[in-house]
Amino acid sequence: MIEANLNLVVLISGGGTNLQSIIDKISSGTLNAKISAVISSCEDAFGLKRARDAEIPTVVISPNTFDSKIEYENHLITAVSSYKPGLVVLAGFMKILGKRFVTEFHDKIVNIHPSLLPKYKGLNTHQRALDAGDHVHGATVHYVTAELDDGPIILQAEVSVVSRDDAETLQKKVLREEHKLYPAAIQLIATGNVSFKTLSEST
Ligand code: GRF
């Protein structure tokens with residue numbers, strides 16, 4: 001089944017290079033989707049400029065402006081729902097989503113993580129790969145569940161770790177791969193070749 005135009009809401013907190021790669025692939029016609037909104041948890045995220053330059057509506061919802069995590073999450077759910085997303089795309093979104101959000105958009109949230117999951121959930125993945133002496137590192141696109149950096153894996157990309165690598169060079173290498181990986185994974189979903197259900201059943 002091919003969905004004519006998968007409707008994406010992209011959540012960011014920072015630079016938004018992954019967001020840019022998705023925008024570029026949509027523009028070039030290699031990703032069969034549209035972005036109806038970019039929502040940032042941070043008002044000075046550079047990704048907001050990328051969205052505005054592409055004429056995508058932007059919203060800032062900063063956790064600091066709410067009295068509680070629950071209020072913040074409720075607000076986020078209402079905002080995301082208003083765009084009726086076919087897929088919620090976390091692209092460098094640095095807030096951990098609560099159970100309510102994950103339940104609300106169950107099987108419709110994807111994330112990109114800079115490691116070969118299940119290795120190195122959480123932060124500082126590049127340094128942890130170096131400290132472990134790994135020769136291969138990479139990135140993962142996965143569906144989001146209530147567990148941090150867990151959920152069915154959609155695609156992974158590997159990079160070689162060489163002796164002169166440090167966390168910075170490794171981060172650059174991995175990010176280059178992320179920019180191909182994320183649009184490719186979203187395209188698999190847009191064309192009906194992958195779904196939460198099929199991946200869950202095959203594991
Ligand atoms: C990427 O490394 C991604 O894997 C992680 O956050 C970073 C976001 O980078 N989740 P950017 O904002 O897309 O440039």
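One-based numbering, in listed order, for ligands and for the atoms of each. Along the sequence shown, the residues carry numbers beginning at 1. Atoms considered below: every heavy atom in the structure, side chains included; atoms not considered: hydrogens, waters and symmetry mates. Predicted, not measured: the structure shown is a model, and the values here were computed from it.
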Task: Side-chain donor-acceptor pair present, Y120, D134, cut-off under 3.5 Å - done: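 Per modelled atom types, Y120 and D134 side chains form a pair under 3.5 Å.
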Task: Side-chain donor-acceptor contact under 3.5 Å, T78 with S81 - done: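 Side-chain D/A pair, T78 to S81: absent.
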Identity and separation of the nearest protein heavy atom to [atom]:
| atom | value |
| --- | --- |
| atom 7 (C) of ligand 1 | G92 CA, 4.2 Å |
| atom 4 (O) of ligand 1 | E178 OE1, 2.9 Å |
| atom 9 (O) of ligand 1 | N18 ND2, 3.9 Å |
| atom 10 (N) of ligand 1 | I112 O, 2.9 Å |
| atom 14 (O) of ligand 1 | T17 OG1, 2.5 Å |

Open item on the list: I'd like to know if K180 and E177 make a salt bridge, using a cut-off of under 4.0 Å between side-chain N and carboxylate O.
Closed with: yes
Task: Centroid-centroid under 6.0 Å between H106 and F196 rings - done: yes
Open item on the list: Can you tell me how the ring of H137 sits relative to the ring of H126, calling it parallel under 30°, perpendicular over 60° and tilted otherwise?
Closed with: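 Ring orientation of H137 relative to H126: perpendicular.
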Task: Winner among G47, G16, G14, A139 once heavy atoms are compared against atom 12 (O) of ligand 1 - done: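 The nearest heavy atom belongs to G16.
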